[in-house]
Amino acid sequence: MRALVIGCGRVGSSVAKQLAREGWEVSVVDEKEEALNRLGTGWTGGFLVGHGMDIDVLREAGIEEADAVVVATNGDNTNLVVGQVAQKRFDNQCVVVRVLDPARAQFYRELGLRTISPTSTAIDALLEAVRACEVRPREAAPATT
């Protein structure tokens, strides 16, 4: 199986490395050549320097042969545009897009784009952790005169 990962920051590089460990053939696109360092010295997958909104870059990176596309740059707008291009123009059925803004993630999810919102995940986890705390009633402070 082939995956294309757009964005090689902490999230994108981690996803790319894990998919590669699981046997996927992975190509990564990032604007910065130094991002390749995040993949480690043993990286055997592809890496292309370029912008994920550039159709020629996407083609060169293998989007037409990709079974899955993961879009995880540091910008919601870029992620949403690239995700829609992968889904609609290249007819990729497995497009997963990171969107930090929970409302936008929900909106695009309702339009059929598979979105992941780390912000929503963090909010849910924090609320669950707070609710799981054993909270004792506070003792009333002594009155001062």
#### Entry: Separation of Cys8 SG from Leu39 CG (nearest 0.5 Å)
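So the gap between those two atoms works out to 4.0 Å.
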### Pairwise distance CZ(Phe107) to CG(Leu80) - rounded to 0.5 angstrom
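Answer rounded to 0.5 Å: 10.0 Å.
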N/O donor-acceptor pairs under 3.5 Å from side chains in residues 56-65, not counting sequence neighbours:
residue, atom, partner, partner atom, Å
Arg59, NE, Glu64, OE2, 3.1

Work out which heavy atom in [X] is nearest to a heavy atom in [Y]; give both atom names and the distance.
{"X": "Leu100", "Y": "Pro118", "value": "CD2-CG, 3.7 Å"}
{"X": "Pro102", "Y": "Ser120", "value": "CB-OG, 3.1 Å"}
{"X": "Tyr108", "Y": "Gln84", "value": "CE2-NE2, 3.5 Å"}

Main-chain N/O of [Y] paired to [X] side chain as donor or acceptor, under 3.5 Å:
{"X": "Asn92", "Y": "Ala86", "answer": "no"}
{"X": "Arg2", "Y": "Asp67", "answer": "no"}
{"X": "Ser117", "Y": "Val99", "answer": "yes"}
{"X": "Glu110", "Y": "Ala105", "answer": "no"}
{"X": "Lys17", "Y": "Arg38", "answer": "yes"}

Is any side-chain heavy atom of [Y] closer than 4.5 Å to one of [X]?
{"X": "Ile55", "Y": "Val85", "value": "yes"}
{"X": "Val95", "Y": "Phe90", "value": "no"}
{"X": "Val69", "Y": "Val96", "value": "no"}
{"X": "Val70", "Y": "Leu4", "value": "no"}
{"X": "Arg98", "Y": "Val11", "value": "yes"}

### Message
As a quick check of understanding, evaluate side chain to side chain contact (heavy atoms under 4.5 Å, CB included) for Val49 and Asp30, giving each step before the final call.
### Response
CA-CA 5 Å; Val49 176; Asp30 197 280; over 6 Å; no
Applying side-chain hydrogen bond (donor to acceptor under 3.5 Å, both in side chains), can you list everything that pairs with [X], at least two apart in sequence or on another chain?
{"X": "Arg104", "value": "Asn77"}
{"X": "Glu34", "value": "none"}
{"X": "Ser13", "value": "none"}
{"X": "Arg21", "value": "Gln18"}

### Task
Would you please name every residue forming a side-chain contact (heavy atoms from CB on, under 4.5 Å) with Ala68, sequence neighbours left out?
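Here the qualifying residues are Trp24, Cys94.
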### Task
With Thr73 as reference, evaluate Asn79, Val82, Val29 under the side-chain contact (heavy atoms from CB on, under 4.5 Å) test and give the passing residue.
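Only one option passes, and that is Asn79.
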Answer with yes or no whether the hydrophobic clustering places [X] together with [Y]; edges join I, L, V, M, F, W, Y residues whose side-chain heavy atoms lie under 4.5 Å apart.
{"X": "Leu48", "Y": "Val28", "result": "no"}
{"X": "Leu19", "Y": "Leu36", "result": "yes"}
{"X": "Leu113", "Y": "Ile6", "result": "yes"}

### Message
Quick check on Glu128: does its CD atom have over 12 non-hydrogen neighbours (other residues, nucleotides or ligands) under 6.0 Å away?
### Response
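Incorrect, the count does not exceed 12.
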### CG/Asn74: more than 12 non-hydrogen atoms of other groups inside 6.0 Å
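Counting other residues, nucleotides and ligands, CG of Asn74 stays at 12 neighbours or fewer.
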### Message
Would Thr119 and Asp101 count as a side chain to side chain contact (heavy atoms under 4.5 Å, CB included) here? Give the steps.
### Response
CA-CA 7 Å; Thr119 307; Asp101 180 344; over 6 Å; no
